[in-house]
Amino acid sequence: MVEQSVICIPCSPNDKEVARMMNTYWAKFVKTGDPNGKGLPAWPVYDPKKGEVFEFRQDGSAGSVPDPRKARLDVMEKAATATRSN
């Protein structure tokens, strides 16, 4: 494994874990088109009907959660669609 440096003052073990996970997800995604890999929480394919986002938490964990901005974004999308159709 390549040594990864994280700029964080002070840098907690949780900060380092989140940085490690994010770097691993990005590297897997670049190589394969799929961010998922062994030892990582599953990052599901986005489904607009579910309205979930993937969240990295300060405690060093990660996972899918309901999108707290979904209702607001749905209103904006509806307005944009109505504007385009006029």
Side-chain angles (χ1 to χ4, degrees):
M1 184 173 181
V2 176
E3 180 65 28
Q4 299 172 359
S5 64
V6 177
I7 299 172
C8 184
I9 303 170
C11 200
S12 75
N14 290 344
D15 295 330
K16 290 179 182 180
E17 177 57 19
V18 168
R20 183 199 66 75
M21 271 196 296
M22 291 179 79
N23 287 333
T24 304
Y25 279 120
W26 273 112
K28 297 288 280 178
F29 181 72
V30 168
K31 289 179 183 177
T32 68
D34 181 356
N36 292 296
K38 186 176 180 180
L40 294 170
W43 189 321
V45 173
Y46 180 71
D47 180 351
K49 292 177 184 171
K50 288 185 176 180
E52 294 181 337
V53 295
F54 197 77
E55 174 182 80
F56 293 92
R57 301 179 194 102
Q58 289 182 333
D59 67 0
S61 65
S64 288
V65 296
D67 185 351
R69 297 175 187 90
K70 184 175 181 348
R72 187 175 358 159
L73 294 172
D74 286 348
V75 169
M76 291 171 38
E77 186 173 334
K78 185 176 179 181
T81 301
T83 301
R84 284 192 299 258
S85 65
N86 288 332

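Quick caveat: nothing in here was measured; it's all calculated off a predicted structure. What you see below is based on every heavy atom in this structure, not just the backbone, and it leaves out hydrogens, waters and symmetry mates. Residues: numbered from 1 along the sequence shown.
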- request: Could you tell me which non-hydrogen atom of Glu52 sits nearest to which non-hydrogen atom of Ser64, and how far apart they are?
  value: OE1-CB, 3.7 Å
- prompt: Restricting to pairs with a member in residues 35-48, which pass side chain to side chain donor-acceptor pair (under 3.5 Å), not counting sequence neighbours?
  reply: Asp34-Asn36
query: Quick one: do Trp26 and Leu40 end up in the same hydrophobic cluster if we chain Ile, Leu, Val, Met, Phe, Trp and Tyr together by side-chain heavy atoms under 4.5 Å apart?
result: no
Electrostatic pair Lys78:Asp74 at N-O distance under 4.0 angstrom: no
task: Starting at CD of Glu77, measure out to NZ of Lys70 and round the result to the nearest 0.5 Å.
output: 8.0 Å
- request: May I ask you to check whether over 12 heavy atoms, not counting those of Arg57, lie within 6.0 Å of atom CZ?
  value: yes
task: Enter the distance from Asp15:CG to Gln58:CD here, rounded to the nearest 0.5 Å.
output: 8.0 Å
- prompt: If you link I, L, V, M, F, W and Y whenever their side-chain heavy atoms are under 4.5 Å apart, who else ends up in the same group as Val65?
  reply: Val53
field: Heavy-atom closest contact (Lys28 atom, Gly37 atom, distance)
entry: CE-CA, 3.8 Å
field: Pro44 side chain reached by Phe54 side chain, heavy atoms, under 4.5 Å
entry: yes
message: A side-chain contact here means heavy atoms from C-beta on lying under 4.5 Å apart; do Val18 and Asp59 qualify?
response: no
- prompt: Should Met21 and Ser61 count as side-chain neighbours, where that means a heavy-atom distance under 4.5 Å?
  reply: no
query: Nearest heavy-atom pair of Pro35 and Tyr25: which atoms, and what distance?
result: O-CD2, 3.2 Å
field: Partners passing side chain to side chain donor-acceptor pair (under 3.5 Å) against Glu17 (at least two apart in sequence or in another chain)
entry: Arg20
